[in-house]
Amino acid sequence: MEFFSQNLLTILLLLPVFGAVGIVLHQMFWKQEEQLKWLTFGITLVNFVISIPLIFGTKTAGFSFEVNKVWIAAINSNYHIAVDGLSLWLVILTTFIMPIAVLSTWNAVEKRPTAFYAFLLLLEAAMIGVFVSLDLLVFYLFFEASLVPMFFLIGIWGGENRIYAAVKFFIFTALGSLLMLAAIIGLYYMHAEQTGIGTFDFVTMMRSLELGQLAIAGTAGTLMFWAFALAFSIKVPLFPFHTWLPDAHTEAPTAGSVILAAVLLKMGTYGLMRFNFALFPDQSREWAWLFIVLAIVGIIYGALVAMVQPDVKRLVAYSSVAHMGFVILGMFSFTEWGMQGALYQMLNHGVSTGALFLLVGFIYERRHTRAISDFGGLANVMPLYATIFVITAMSSVGLPFLNGFVGEFLIMLGMWKSTILGVTATTNWNYVATMLAGTGVIFAAVYLLWMIQRVFFGKVTNDKNKKLTDLSTREIGLIAPLMFLMVFMGVYPRPFLDAAKDSVNAIQKRVMHQAGGDVDHAERNADLSPQTAVKDAN
Amino acid sequence: MNTFFLTELVTPDPNVRIILPELVVAAAGIIVMLYDSFFPKDRVTSGIISLVGLAVSAFLLVGLWSSEPLGSTSWNGMIAHDNLRLGFSIVFLIVTAMTVLISTVWVEREDVPVGEYNALLLFATFGMMLMASGNDLVVIFLGLETLSIATYVMAGLRRGDLKSNESAMKYFILGSFASAFLLYGMALIYGATGSTNLTVIAEKVVNPNFPALLLIGGAMMVVGFGFKVAAAPFHVWTPDVYEGAPAPVTGFMAAGPKAAAFASFIRVFVLGFPFIAGVAASNYLHETWMTVLAVMAMLSMTVGNVAAIMQNNVKRMLAYSSIAHAGYALVGFLGAGAANRGSSQDAAIASVAFYMLTYAVTNLGAFAVISLLAQKNDRRSDFEDFNGIGFKSPVLSFTLSLFMLSLLGLPLTAGFMGKILVFRPALEAGSTLLVVLVIVAVINTAISAYYYLRMIVVMFFKERVTEWVEPKMPIGLAVALLVAVVGVLYLGLFAGGVIEKFSQSRSGYEAQLK
C-alpha cells in the first residue's frame, strides 16, 4: 500500500503507456479486434479507479503524492511530479473522461482500431503528465508529446478536411510551445546567474523567488512571460489564436473532439495559472488588461460566429472559444472568486462541452451529417436524445442549478470585484469588462437555443430522419455520468471548490502581492500596480 | 630568429597508443581491400571485418577516454587528446558501423563491389578521426582530403546512373574548390602566426605578424569549412549531391563528414582563435568570426527549412533539412565561442558533438528506411511513392515517423535532447546576438514541422492508389534500424550518462580560460 500511494502518479502515467504497448502486442499475436475496445475501456477505467484516491489523499495546501527523482543529471532536470488543488481536478477530469471517450467509439472505429486505441492511451498518459509535472522541462516534454497522438487521431480518423486540420493544429501549437522552450532554458540560466545553480524545477524556482534570491524582471522577464503566455494562449485558444480550434474540432473523430474540448484546452489555462502567474506575477498584472480585452473579444466573437454556423459541431467548437474566454477572464481578475470560478469553469466546460460533442457524435453516427439544415423535429423521433441535449445545452448556457451557472457567476463576481483594470473618475473598467462579458451569456443562450429549435422542434422535415432510433443503452450509459455531474456540480460545488481553495489562494496572493525582492524592485512595481490606481482614484 | 630554418631537431614523440584507434580503422580498411582481391564475392566477411575493425577502434577509444589525461597532446602537439576528439570520434565510428549495416540492402540489390565500398568507408572514417584529433592545420587538411577523396568516389559508385555521376562530379569539383580555399586560408594563417600548430596559433593571435592576413585566412577557412558542413550560403551543392548519391552514402555524408567538418571547424575557430580579454587583435578576430557564423547559422536554418518545404523528393528534402541542421549545430558552436568559462566551453563543444550524434542516429535511420523503400537506383524516393504505406508496412512507417519526429526535435526523441543541449550554451552566454539566434532557431523548428509532418501525412493520412509490395528486409538493415530506434529513444530519455561522458571537463581547465 505504501508503495502504491507513493507511486500513484507514476502508475497513472505508465499504465496507459504500457496499455498501449500491450494492445499492440495483443493484436500482433492474437489478432482479436473485437476485444480491443474492451481492453482499452478496461485500462482507462482502471486508471480512473486508481486515480480516485488522489481526491482523498491530496492535502489542501502544498503538493501531495510528490515524486522527485533525477532524470538527466547533466542538465539538472528531475522527474518531479505531484498534485495540488489546482491540478487534482484536472487529473481526475482526464481519467474520468477517457473511459467515456473510449465508450463513445464503440461502433465508430472501423479503420485501424489497434492504432486508434493505442493513440488514445498514449494521449491519456501525455495529458496526465502535463498536469502533474513540476519540472519545467518534463512539463514541456508532456505538453509537446500530447500533440503527436492527437495529430494522428485527427489525421487518420478525421473527416474530409482532416489533413489540413491536423497539420494546422500541430504547427500552431508547436510554434507557441517552442518559444516556451527557449524561455524555459532562459529561466534555467537566469536562476543559475542569480543563485549559482541552474534548475528546471518549478518548486525550487518558487522558493528562490520567495526568498528574494531570484528576480525575474526586465526585458528578459517580459520576453519569457510572453513566450509562456503565447504557448498557453494558443492552446486555450485565446481570441486571435483560435483559428486552429474549429478546424481541429470539426475534423476530429468524436472521441478526439471530446478529449480536445474536455482536457487539451485546459492545458493552456492550467499553464497560465500555474506557471505564468506564479513565475511572472508582475508581468501578469502588467498585461492583464490585454488578456481581459482578448477574452471579452473571444466571448462575444465566439458567440456571434457560433450563431451563424451551419454545422452543429462547428457551432459547439466556436462556443468553446467563448467559454474559454470566460475562464481567461476569471483568471485575470486576480480575485479569489474569479480564479476559483475559472478553475471550476474549466471542469464545467470539460463536462458540458464534452457531453455536447458526444451528443453530436451520436447523431452523426446515425445520419452521417451534422448540418443543422438536415435536421428538424428530432424531438418527435428521439425524445430522450432531445431531452438530454437540451439539459446539456442549458448547462453550457449557465442555467442555475446546473454546473455552468456556478462557474460563470463566480467569474463575473470576481471580475466585478476586481481591481486589476483601472478606475477613473467616471468609469470603473472592471464593471465595464464584467458587463461586456455578461452579454456573452445572453449570446450563448441565443445560439444554443436557436440551434435546438431548428434541430429538435417543429415537424420532421426530412424523411431520412423519420426512422432514427433513440439512444441505446450504451449511449445512455456513457452520457449518464456526465449528466449526473452537471447537476451535482451545479447544486453542490463545495467539495470541488474547497479542495482547490488553498492552492488557488496561494497563487492569487502571489500575483497580487510582492514576494520578497529588493526594495527598489518592490517600489518600482508598486507604482505600476492597480492598487495604486485605485488609491489614486479614491 | 635564426632557428626558423634550422630548427633544433626535436626528439619525436611517437605516442602510438594515442592514435591507435585511428590506426586500427586504417588497418581494417587495408585488410578489407586485400581480402576483397582474393574473395571478391564474399560480401558478408568483408562487412564483418569492417565492423570488427570499427568495434576494436571504439573499444580502444573508450579505453583512452579514461586512461589518458584529457587535454594533453602528443606527436609533438600534432594530435590533441580531449573530449572534442573523443566525442566526435565515437560519433564517426557509430556512423560508419551503421552505414556498413544499412548498405547491405543496396550492395546486394545493385551488385556493388563491396570490398572497395567498405574499404572506402573505412578510409573515410580514418580521415574523419584525424580531422577530429588533429591539433595542427596540416593534420586537419590531411584528414579532410582522405575523407573527401573517399566520399567523392562513393557518391559516384552507381556508375550506370546519370544522377549518381552528376552527384560525384559536382561534389568533386566544388569540393576541391572548397579545399583550395581552406588550404589557402591555412597558408595565410601560417603566414600571420608562423605556425600551423593550433596551440601556438592561439597564443600568437595576440600579436600576429600581420593581422590582416589572419582575418583573410580566417575568412577563407570559413568558406572551406562552411562548404564541408553545408552551411548557407555555401550549401548549393548539397541537394544535387545528396539526391544523386546512393541513399546509404547520402546518409553517411549527411552524418559523418558533416560532423567531422564541425569537429575541425570548432577546433580551429573556438580553440585556435579565442577571445582574450584586453587584446585588440584577438578580440577583433573573435568578434568577426562570431558575427559571420551567426549570420551563416540564421541563413542556413532559414534557407534549409524554407527550401525543404518545397521539395517533392524525399532525399532532396532531407538534404535541405541537413542544411538546416548545420544551422542548429552552429548555434551550439557559437555558444562554445561565447563561453566565458572553461567548463561551459567544454560543455558547449560537447553539446555539438552530442547534437551530431543524435542527428547521425536519426538521419541514418531515416536513410535506412528510405534506401529500403526506394528500391533499385532510388527510383521511388518521391513523396508520392510513400502514399498510404502507413498500415501496409507499419513497422517501417512507424520507425520512419519516429525519425521524422526526432529530426523535428519532439520530446522523448534524441532530436529533442540535441536541440536542448545546443540552445543551452547559446542562452548561457547571454549575448543579444545569440538570444536572437536561438529565437530564429526556434521559429525555424516550427517551420520545419511542416515538411517532417508531411512525410507522416503522406504515409498515414493518404490512400494508396498503386499496388504496394512490402520490400524484404535484410538482416544487416534490420540491425541498423533497431540500433537507430533504440538509439533515438535512449538518447531522448536516458541521455544523462552520454552527455556527462561527452562534457567531462579536463581538470584545471576552469582557471585556464579566466
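Computed from a predicted structure; not experimentally measured. Residue numbering restarts at 1 for every chain, and letters A, B, ... go by the order of the sequence lines.
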Show me, pair by pair, the donor-acceptor contacts under 3.5 angstrom made by side chains of residues 427-436 of chain B, not counting sequence neighbours?
{"from": "B/Glu428", "atom 1": "OE2", "to": "B/Arg341", "atom 2": "NH2", "distance (Å)": "3.3"}
{"from": "B/Ser431", "atom 1": "OG", "to": "B/Leu434", "atom 2": "N", "distance (Å)": "3.3"}

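- With rounding to the nearest 0.5 angstrom, the CZ atom of B/Arg454 is 11.0 Å from the CD1 atom of A/Ile163.
- The contact between A/Ala166 and chain B is made entirely by side chain atoms (from C-beta outward), counting heavy-atom distances below 4.5 Å.
- For the pair A/Trp71 (side chain) and B/Leu493 (backbone), a donor-acceptor distance under 3.5 Å is present.
- Within 6.0 Å of atom CD in B/Glu384, 12 or fewer heavy atoms from other residues, nucleotides or ligands are found, so the atom counts as exposed in its surroundings.
- Taking CG of B/Leu421 as the start and CD1 of A/Ile72 as the end, the distance is 8.0 Å to the nearest 0.5 Å.
- Of the two parts of A/Val70, neither the backbone nor the side chain holds a non-hydrogen atom closer than 4.5 Å to a non-hydrogen atom of chain B.
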**Asked** Could you go step by step and tell me if B/Lys419 and A/Leu181 meet the side chain to side chain contact (heavy atoms under 4.5 Å, CB included) rule?
**Response** CA-CA 10 Å; B/Lys419 278 222 170 88; A/Leu181 175 63; 5.6 Å; no
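- Among pairs with a residue in residues 409-461 of chain B, those fulfilling ring-ring contact (aromatic ring centres under 6.0 Å, His included) read A/Tyr140-B/Phe416, A/Phe151-B/Phe461, A/Phe152-B/Phe460, B/Phe391-B/Phe460, B/Phe398-B/Phe460, at least two apart in sequence or across chains.
- Atom CD of A/Gln194 has more than 12 heavy atoms from other residues, nucleotides or ligands within 6.0 Å.
- Scanning all heavy atoms of the two residues, the minimum distance from A/Ala182 to B/Val442 falls at CB-CG2, 4.0 Å.
- Looking only at side-chain heavy atoms (C-beta outward), A/Tyr188 and B/Ile420 stay at 4.5 Å or farther from each other.
- Annotation: maximal heavy-atom pairing with chain B below 4.5 Å, among A/Val167, A/Ile75, A/Leu179, A/Leu175, occurs at A/Ile75.
- Nearest heavy atoms, B/Ala446 versus A/Leu178: N-CD1, 3.6 Å.
- Residue A/Ala115 touches chain B through its side chain alone, counting heavy-atom pairs closer than 4.5 Å.
- Among the candidates B/Leu412, B/Leu405, B/Val438, the residue making the largest number of heavy-atom pairs closer than 4.5 Å to chain A is B/Leu412.
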